[in-house]
Each structure stands twice: as structure tokens, then as C-alpha cells.
Protein chains: 2
Amino acid sequence: MNGPTQRRITIKEVAEAAGVGVATVSRVLSGGSASAETREKVLAAAARLDYRPSALGRNLRRQRTGGIGLLVPDITDSFYARLTDGVLACARSYGEPVTVGVTGDDPEREAELIGTLIEQSMDRLIAVPSGDGDMWAPALRAGLNVVFADRRVRPDVPSVVPDDRAGVLTAVEYLAGLGHRKIAYLGRHGQSQRIAAFTAALASLKLPADRELVVQARSSRDSAYAAAAGLLQNRPDVTAVIAGGNVLGEAAVLAARELDVRIPRDVSLIMFDDVPWAELCSPPLTVIAQPAQDIGYRAAELVLRHGRRPPAVTLPTQLVVRASCGPRVATSRR
Amino acid sequence: MNGPTQRRITIKEVAEAAGVGVATVSRVLSGGSASAETREKVLAAAARLDYRPSALGRNLRRQRTGGIGLLVPDITDSFYARLTDGVLACARSYGEPVTVGVTGDDPEREAELIGTLIEQSMDRLIAVPSGDGDMWAPALRAGLNVVFADRRVRPDVPSVVPDDRAGVLTAVEYLAGLGHRKIAYLGRHGQSQRIAAFTAALASLKLPADRELVVQARSSRDSAYAAAAGLLQNRPDVTAVIAGGNVLGEAAVLAARELDVRIPRDVSLIMFDDVPWAELCSPPLTVIAQPAQDIGYRAAELVLRHGRRPPAVTLPTQLVVRASCGPRVATSRR
DNA sequence: ACCGTTCATGGAAACGATTCCACCATAGTT
DNA sequence: AACTATGGTGGAATCGTTTCCATGAACGGT
């Protein structure tokens, strides 16, 4: 049933065909020194036989696998999809394969996937870390070359992250400028950076920093919806919410619609991460755009070059004003 | 700067620690026969040393790499992201790593990526094929175990595809039931299956099958927008359009808005592929939902089990009625 | 003319697993 | 008691590559 499955040709056969030793073939093919004549013969033989060096053999000898691992919480989330796209784009220009794993923001699954990667002798890894940084100690000790993307959980690991502080501050200032004082942050569990930035921003503008103004969801759509609905329902006094990601934003719009609170008349909404549908939404969503693809690309560069490694690179965000924010109305909702 | 980079421990060390030969260790760990006492010793030593067999060594010997390759046109497209998610979910339950490549629907890039995969000795591949089936001949001859997803371009390769024929027919019938007669199909280049299904559906309902009623775009957002705008502008007589994918649908909504044609008053729109934002759009979009994740999952099952391989599995689609389709108005637009 | 340096070259030893095969001990049979 | 199954066990070959090292030739300088 299966085809003839022709055996793959090896360096030995190339050597034989070219009338030289295997060492010479290897040297020619990896740019070592050789006489012009020999080089010619080897190249010709290799081309004629359509020789492809086996990455397996090479990697076993070299004690490291080429290629890079990538761990994201959810490939279905547009942000991580774009981040992944950036990684793939960079890796492709180096001809390096990328092995992708989905952690679901679960440290246990993450550890399991790291194990699989280590078994493959992968020594380069880009990760959007799920938990705190502690669990990365063994992986780092194992000599793994890690770069964090989107979140920084350890100071000793190079990271590429969006400028959360500036992004949050911009959002809060924008809303405050429209007269809002009770501003809520709808975030994901573990977004400690942004939450800190949020409370700092509130403080710097002398706005009330109620602890209950930040509500956190797990990264599933259901959890996001529940959190959004809860916030909208329990706190009629908040007149503006910042959603910490596109699925949170989606949930907020959905919940608002369900609970019959109007955007932007009843509450203003500003969402982290610009996605194509933000413009199609009704109303079109004002967003803090994040350079997801760039984050991935830069992270890949870092992990591939891994020359002197800067501790962290921070990429700018941008406020895109559409129509989901309005001036505060004098009376609170309901 | 770098940590101590502890060397990874090998089967030899485990053998030594357990006081047995390497062959025995290998046998115990892969379920071969051994005395209870020996098994005990080996397992204990392996656990104590935290031994992880090197996939490199194993694969080199076995002449095949575990793991599976996945080639999609665009990971940024929600449909392919969900498909990828399905593949990853299935692969994870087998503990198999997945190497992802983005083809951009470009056969050349696709061929290049296949080359990389073959270099890795990957022998299992799931692909959303870009071009026609011809270019796959060499890969198949090389013994590659291929499963096609979303598109079927060769009868001799197992494929997992949505039920295009039924989906298109449902859409056309639904629109015809609303009184529409001039229905256009806005598709991607190379969607021959669906386009054939579309013209067949028109014919079966005795609707005019103008050749210009199907317009094709390349898979970029720009191209999709141009095609949508062109269609809407040049053919004021069409009162309904079917968009062949979520980026095409997005483009159609955008173009309609730009050209000031109202949905659904001026033209009805039905989109292939249900995405979260379809409900948030204004108006909420009526769609033909496709089981993207299932497609990926089933494809992964096929490529992993690869027992007797059915030539093709077709997964059902489902019409989800929202608010982007209305009855035909008596007069054509403009 | 001799010696030292340089350079191309090929043989062989790794890398870490699997697996063939030979070996030995024990148990069972005549 | 001798001979044969049987089954556990370890040595060694193998997979395809890179790289160390030895070899030999060519060449230039004293």
C-alpha cells in the first residue's frame, strides 16, 4: 500500500560518489577549507544525488537541536497568534523549525511541555510564562536558552514585553480626561505588571483606588464573561472599564449587551490589543494597540542570536481612539 | 554568565548506577522483558537520576522522528488558528511535539518548509495545501506520511475537510428562500471545491450563474478588501454575497461600510466560518460555522494512528442565523 | 639539500539510543 | 545424569553526522 519509500541518501554515499572521504564532504558542505577541485566534485555529487544532511545525525553529534520551542497560552487568541506569527517569520529567515505548544496558562501543562522539549534536546525556547518565575529554575539550570515574551517573571531571563506601564497610563489618562473617576480594570489572573501599573496610574491622577476596582478572570472565555458580567452588575458606580486583552474586551462587550448597559453612554470601554474586529464592533472599540507580531519577532531574534543578551526590551503601545469611550454622564448608572 | 549547564545524563550512567547493562535499561524502559528485581533496580536508578531518554538518539537509531509537522497558510487567521489548536490538542495527548510552519498560501514557501521538515526526518505531516496536488509527489515518494486538512487536492492522500458542498448549498438555499436571485461568491483563489459547489447550487435552484458572480482574492487582507469593494461597486444588481472565509467576510463588511451599502438592507451577507466577533459585529453576521478545531483534531488522529486510512473524512457545517441577511428588496441597489 | 611550515585529506572516534546475538544459568525432560 | 528449552542479560553494532588527529605532499627559507 505504501510507496517504495526510498531510503534517504547519506553523506557516505556522497563521499563515495565524489571519490573522497566523508570528512571532506562534511567540511565542504559546512564551509570548511578544501581545494577548489575537491569542492567542485563534492558539490556536484551532492547536487546530483539530491543530498540532504540529516538533522538528526548532526544534532546528535553537536549535542544540540536546532530549532526553537514556543509556548503560548492559547493559539486561538489573536494576540498570541500574531505573536506566534512573528516568531515563525523570524525563524523562517534563519531556516529554523519552530515547535509550538499550548499551555492554557496552566503551569502544570507548561512544565510537561518543557519536558517534551528537553527530551527533543531543544535548547532554545520562547515562552509566555504561565505561573511565577520559580518553576523555571530547573529548565534554566538544564542549560535551556529561554526568552520570555509578553510577560516578565524573572529578572534574569531576557524578555520582550509591551510597555504595560505606558499603555495603562495612557488609557487611564484618556478616560480621566473624559471625566471618569471610577475606572475598573478587567484583567487576567497573573497580570501583575499591568495591575500594578493600573493602581499606580490611578494614584498618580488622584483617583479612587478601590481594591475591588480590579477584577481578574482566568483565561477562558467563560471565565472572562463571568468576570465582566459580575463587574458590570455589582458596580453600577464604575463608568469606565479597561479590558486587559481582546478576549476580556469581547466578554465585556457581550456582557454589557446582555445586561443592557450601553457603550459608551453608560460605560466607556477601552481594550488592550487591537484586533481586526475592533473596528467592526458596534460601537467600534477604542484600544491600546500592542505590537504582538513584533514581540514575537524580537523574541525570536534574541533567542537565535543570543549574543550579549539585554535583560529586557520593551515595545511601545499606542492608543487608537474609536467610539467606545465617551464623557462621563453626571449620574451613575441605574 | 551562563549557568553551570549540567550535562544531561545518559542511559549509560543509569546502567552503571543500577549495576546492569545498557541493553537492559533500554529494555526495561521500553517495556521489554526483565526480571522483577532488575526492573526495580533500573526504575529506581532512572528516577533517582531523573533520567530522560534523548529523542535524538532514539530517532537516529529508529530512522524516524516522532512528532508531526503542520503547515497552515496563516496562523493569524482564526480558522487556521483553531485548526492548529485541534492538532496540538490531539498531539499533546500522544505526547508528540508539533512543528508549525506558515506557508502564506505560497507553493514555493510550502516546498521550502517541506524541505526543512524532511531534513528533520519528520515523517508525519498535516498540511493545508497551497497549490494543486502535483507538487506533493516528491514528498510522498520520500515516504512522508501526509494528511491534508481543509482542502483536498489529491485523491490518494487522506483528507479531513468541511462539507463544502452542503455548506454552500445551505447558504444558497437560505438566501434564495429570502428571495435573492443574484447571489455572488467572494472566495479565495484556489477554493475550487467551494466554487464548484456554488455554481452547482445556483444551477440546482435555477438561479442565474453569471461567471462574474464569483470573484476571487488572494489570501491577504488587502486583496480581500479590494475584491469585496470591487464586487460591491461593479455589481449593483447583486443583493446577496457569500464570503468564503472570515477574512473575506471582514473585508466585505468593511467595504460595504465604506461604500455606504447597508447590511442587510442593501445586500445580505453570509460568511463562511463562525468567529467570536461575528456576534459583536454590526449587524451580527449570519454564518456557516465550520468545525475548525475538529478538522485539526481528526487530521492529527489520522496521521498519528495511520492504521487503515480512510481516503477522506468530511465534517458537517452548520448555518447560524443572525442578522446580516434580509429579504430581497424589490428594486436593485442604486 | 634539508628542515620546518602549511595545507588538503581521510580514517576513526565520538554523540545516545535500540536491537541483534551470543552467553549463561536454571528448570524440565528423557 | 545428560541434554534441551527457556528466559534473562550484556556486549557490540548501528543510525548519520561532525571533528580530532595523523598522514603525506608541496613549498619556501636557510
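This structure is a prediction, so every number in the text was calculated from the model and none was measured. In what follows, chains are A, B, ... by sequence order, proteins preceding strands, each numbered from 1.
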Is the number of heavy atoms from other residues, nucleotides or ligands within 6.0 Å of CZ (B:R298) greater than 12?
-> no

Verdict with reasoning, A:T65 to A:Q120, per side chain to side chain donor-acceptor pair (under 3.5 Å) | CA-CA 7 Å; A:T65 293; A:Q120 309 289 324; over 6 Å; no

Provide the start and end nucleotides, 5' to 3', of the part of DNA chain C that has atoms under 4.0 Å from heavy atoms of chain A.
-> C:dA8 to C:dG16

Take A:D74 and A:V72 through the side chain to side chain contact (heavy atoms under 4.5 Å, CB included) test and state the conclusion after the steps.
-> CA-CA 6 Å; A:D74 177 9; A:V72 294; over 6 Å; no

Is any side-chain heavy atom of A:L88 less than 4.5 Å from a side-chain heavy atom of A:L70?
-> no

Sub-4.0 Å heavy-atom contacts from residues 113-124 of chain A onto DNA chain D, ordered by number | none

Would you work out how much the helix from C:dA1-D:dT30 to C:dT30-D:dA1 bends between its ends, with each end axis defined by five base pairs, to 10 degrees?
-> 60°

B:S30 side chain to B:S26 backbone, donor-acceptor under 3.5 Å = yes

Starting at the 5' end of nucleotides 13-18 of chain D, put B wherever the base has a protein heavy atom under 4.0 Å, S where only the sugar-phosphate does, and a dash everywhere else.
-> BBBBBB

Could you tell me whether the side chain of A:R39 and the main chain of A:V28 form a donor-acceptor pair under 3.5 Å?
-> no

No-hydrogen, no-angle side-chain donor-acceptor test under 3.5 Å, B:S159 and B:R151 | no

Mark yes or no for whether A:R188, through its side chain, and A:R218, through its backbone, hold a donor-acceptor pair below 3.5 Å.
-> no

Donor + acceptor pair across side chains of A:S223, A:S220 (<3.5 Å) = no

A:R221 meets the side-chain contact (heavy atoms from CB on, under 4.5 Å) criterion, sequence neighbours left out, with A:T76, A:E250, B:P276

Is it true that a side-chain atom of A:R109 and a backbone atom of A:V102 form a donor plus acceptor pair closer than 3.5 Å?
-> yes

May I have all residue pairs that pass salt bridge (Lys or Arg N to Asp or Glu O under 4.0 Å) and include part of residues 82-102 of chain B, sequence neighbours excluded?
-> A:E112-B:R92, B:R82-B:D273, B:E96-B:R124

